[in-house]
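Notes follow the structure.
Every value quoted in this text rests on a predicted model; they were computed, and no experiment measured them.
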Amino acid sequence: MISLEDVRWSQMTGGYKTLLDPRPLLKRLEAEYDTTEVWHELWDELHHQGNVGEASFAAVPFLVASYRERGVIDWNTYAIVAIIELARKNGENPDVPQWFAEDYFQAIRKLAETGATEILRAETAVAARAILSVIAVERGLRTHGKLLVNYSDEELLDIEARL
């Protein structure tokens, strides 16, 4: 896997389509006990109104590695990885740069594998949907992943009732 220092952060954009170096946030995520504020900032910077950038993709392997080290089920990692992947090549969003594409897709695969072992321990519907969304996206079921990560149970029941 590439290291945080190997990434050309100074040349990458995030969700706001401006230059973004998320290393300070990624380091805080690993170091802080209460990660609520860090997650708020990561969500804000890596994905904004459907937009992602190269820094969003480059952050994924580090988010997954950090998650696997923490060993605590947290829906944020699953949901943000699914959202970033679902935004790839959508609208004006870029594709994953070739020089770290292997690390990016391997991280999604590892997170899906982790999710497959954690799904039965998920304590909330939000966590279960986020985990299932990554598994669906990794298996190529992008529409299913999108439904799982973007809609609550109540919203999906409303959609189902209209069918």
Original post:
Would you say R129's side chain and Y151's backbone share a donor-acceptor pair under 3.5 angstrom?
Top reply: yes
Subject >> Main-chain N/O of E155 paired with S152 side-chain donor or acceptor, under 3.5 Å >> reply: yes
Subject >> Test item: L26 and V38 side chains (from C-beta on) under 4.5 Å apart, heavy atoms >> reply: no
**OP:** Please determine, by modelled atom types, if S66 and R70 share a side-chain donor-acceptor pair under 3.5 angstrom.
**Re:** yes
**OP:** Would you mind reporting whether L20 and M12 have side-chain heavy atoms less than 4.5 Å apart?
**Re:** no
Original post:
Same cluster for V72 and F62 if Ile/Leu/Val/Met/Phe/Trp/Tyr side chains link at under 4.5 Å?
Top reply: no
**OP:** Give a yes or no on whether the backbone of F100 and the side-chain of D103 come within a donor-acceptor separation of less than 3.5 Å.
**Re:** no
Original post:
Are any non-hydrogen side-chain atoms of R88 and D95 less than 4.5 angstrom apart?
Top reply: yes
Original post:
Is Y16 reachable from W39 through a run of hydrophobic residues whose side-chain heavy atoms are each under 4.5 Å from the next?
Top reply: no
Original post:
Does the Y78 side chain pair with the main chain of G115, one donor and one acceptor, at a distance under 3.5 Å?
Top reply: yes
Identify each donor-acceptor pair in which a side-chain atom of residues 139-149 lies under 3.5 Å from a protein atom, sequence neighbours left out, and give them as a table.
| from | atom 1 | to | atom 2 | distance (Å) |
| --- | --- | --- | --- | --- |
| R142 | NH1 | E85 | OE2 | 2.7 |
| R142 | NH2 | E85 | O | 2.8 |

Original post:
Is the number of heavy atoms from other residues, nucleotides or ligands within 6.0 Å of NZ (K89) greater than 12?
Top reply: no
**OP:** Determine whether W99 and V60 fall in the same hydrophobic cluster, where Ile, Leu, Val, Met, Phe, Trp and Tyr are linked whenever their side-chain heavy atoms lie under 4.5 Å apart.
**Re:** yes
**OP:** Identify the two heavy atoms, one from P22 and one from L46, that lie closest to each other, and give their separation to 0.1 Å.
**Re:** CB-CD2, 4.4 Å
Original post:
Could E41 and R28 be called an ion pair, given the rule that one side-chain N must be under 4.0 Å from one carboxylate O?
Top reply: yes
Original post:
At their closest point, which heavy atom of A127 faces which heavy atom of A122, and how far apart are they?
Top reply: CB-CB, 4.1 Å
Subject >> Donor-acceptor under 3.5 Å (R68 side chain, K110 main chain) >> reply: yes
Subject >> Heavy atoms of other groups near E32 CD, more than 12 under 6.0 Å >> reply: yes
